[in-house]
Amino acid sequence: MAATSTPSIHWIRDFTQQWLEAWNSHEPDRLLALMTDDIEYHDDSWPQPMHGHADVRTFLEATWRAFPDMTFELLAGPYVIPDEPRAAFHWRGWATHTGPLEPPGFAPTGRRWELDGVDFHEYRDGRVGRLRIAFDMMSATRQLGLLPRAGSGAERAAAMAQRSASRVQEAIRRRAPV
């Protein structure tokens, strides 16, 4: 694909397959080769947007250390925007939490997550220049046991603690001089 051309649906389909194979390889250089050097990367599981290969490499190494069996499959797409160098696709991923999750510092739980998500790609020079990955982070953290199950007593207790803390914060705010 030329630097200024819009990718064809065939190119995007081939690229999507290469992308998933690179993710499943757990080889950072293989995945980074599919991204521009100045990649802008946003992922719900990372505390801040990533810019450039160094940031993304740090993310990939931390992710694969925590989830060494992480695997993805294509569910649907890619969906393209005509005459635009952009596409999206729907995937399913799964992994077992067997290594430390840094950040934020969670110890391995030995539990497995499985969830669906979406990649939004913007292509430049035959690679991804902007990337947004979206998925249900709440579901992942519940599956890993990092948050209580929905509707559980632990969830109700956490909600009660949050409401109490909120009332205390509001009382402090009202007493504070403006």
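Residue numbers run from 1 in the order of the sequence given.
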Sequence-distant partners of Arg57, side chain to side chain donor-acceptor pair (under 3.5 Å), two or more places apart: Asp29
ILVMFWY network linking Val118 to Leu20, side-chain heavy atoms under 4.5 angstrom: no
Arg124/Asp38 ion pair, N-O < 4.0 Å: yes
Arg167/Glu170 salt bridge by N-O under 4.0 Å criterion: no
Spacing of CZ belonging to Arg175 relative to CD1 belonging to Ile172, to within rounding of 0.5 Å: 7.5 Å
Between Asp116 and Trp91: side-chain donor-acceptor atoms closer than 3.5 Å: no
Salt bridge (Lys or Arg N to Asp or Glu O under 4.0 Å) contacts touching residues 77-90 (sequence neighbours left out): Glu84-Arg86
Any donor-acceptor pair under 3.5 Å from Arg112 side chain to Thr96 backbone: no
Taking every non-hydrogen atom, the tightest pair across Gly117 and Phe135: CA-CB, 4.0 Å
Residue pairs fulfilling side-chain hydrogen bond (donor to acceptor under 3.5 Å, both in side chains) with at least one residue in residues 141-162, sequence neighbours excluded: Ser139-Gln143, Arg142-Glu155
4.5 Å side-chain heavy-atom contact, Trp19 and Asp119: yes
Under the ring-ring contact (aromatic ring centres under 6.0 Å, His included) test, residues paired with Trp46 that sit two or more places apart: Phe59
Test side chain to side chain donor-acceptor pair (under 3.5 Å) applied to Trp23 - qualifying residues, sequence neighbours left out: none
Qualifying residues under ring-ring contact (aromatic ring centres under 6.0 Å, His included), relative to His26, sequence neighbours excluded: Trp64
Hydrophobic cluster of Met138, others only, ordered by chain and residue number, side-chain cut-off 4.5 Å: Leu147
pair Glu40-Leu131: side-chain heavy atoms closer than 4.5 Å: no
With Arg132 via salt bridge (Lys or Arg N to Asp or Glu O under 4.0 Å) - residues at least two apart: Asp44
Arg127 to Leu34 - nearest heavy-atom pair and separation: CB-O, 3.3 Å
side-chain contact (heavy atoms from CB on, under 4.5 Å) between Ile133 and His42, worked out: CA-CA 6 Å; Ile133 298 179; His42 300 263; over 6 Å; no
Non-hydrogen atoms of Asp55 and Pro49 that approach each other most closely: OD2-O, 4.5 Å
Ionic contact status for Glu61 with Arg65, cut-off 4.0 Å: no
Under the ring-ring contact (aromatic ring centres under 6.0 Å, His included) test, residues paired with His97 that sit two or more places apart: Phe67
Distance flag, aromatic centroids of Tyr123 and Phe15, threshold under 6.0 Å: yes
Shortest non-hydrogen separation from Pro7 to Pro85 and the atoms involved: CD-CA, 3.7 Å
Contacts of type side chain to side chain donor-acceptor pair (under 3.5 Å), residue Thr16, not counting sequence neighbours: none
Arg163: partners by side chain to side chain donor-acceptor pair (under 3.5 Å), with sequence neighbours left out: none
Nearest heavy-atom neighbours spanning Ala154 and Pro148: CB-CB, 3.6 Å
Show every donor-acceptor pair shorter than 3.5 Å between a side-chain atom in residues 70-82 and any protein atom, with sequence neighbours excluded, or say none if there are none.
{"from": "Thr71", "atom 1": "OG1", "to": "Asp69", "atom 2": "O", "distance (Å)": "2.9"}

